[in-house]
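The next block holds one structure in the form of structure tokens; read it before the comments.
Here the structure is a predicted model, which means the values were calculated and not measured.
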Amino acid sequence: MLREKVTVTTLTAPMLSSLDRCDRCGAQAYVRVTLGGGGELLFCAHHARQHEDKLREMSAHIHDESERLAATPTSSFADEEA
């Protein structure tokens, strides 16, 4: 997990959805990185951790939603069969 969380309002950076994809591998993105020049990168949790040190050196703003990976699903397959 990334060490520092940055608070970002939904007006400037909406929550990441299942349509947002990692720029490195195409997996679902859970981390949005805004670069100083205004560019934006999306990463899965794995690639965000892999590039974290370099991104911090660049003073990038990091919006991390990877805690959603540990969230319990609201329904299960057993619930759908009932």
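A salt bridge is defined here as a Lys NZ or Arg NE, NH1 or NH2 lying under 4.0 Å from an Asp or Glu carboxylate O, and Glu65 with Arg68 meets this definition.
Residues His47 and Cys25 have side chains in contact (heavy-atom distance under 4.5 Å, counting atoms from C-beta outward). At a threshold of 4.5 Å between non-hydrogen side-chain atoms, the residues Ile62 and Arg56 count as touching. Side-chain contact between His63 and Thr34 is absent, with no heavy atoms from C-beta onward closer than 4.5 Å.
Considering CG of Asp53 and CE of Met58, their distance stands at 13.0 Å, rounded to 0.5 Å. Expressed to the nearest 0.5 Å, how far SG of Cys44 lies from CD of Gln50 amounts to 8.5 Å.
Other residues sharing the hydrophobic cluster of Leu42, ordered by chain and number and joined by side-chain separations under 4.5 Å: Leu16.
The two residues Ala29 and Cys22 have their closest heavy-atom pair at CB-N, 3.9 Å.
Applying the ring pair (Phe, Tyr, Trp, His ring centres under 6.0 Å) criterion to Phe43, with sequence neighbours excluded, gives His51.
Pairs passing the ring-ring contact (aromatic ring centres under 6.0 Å, His included) check and including a residue from residues 15-37, sequence neighbours excluded, do not occur.
Between the Arg21 side chain and the Ser18 main chain, a donor and an acceptor come within less than 3.5 Å of each other.
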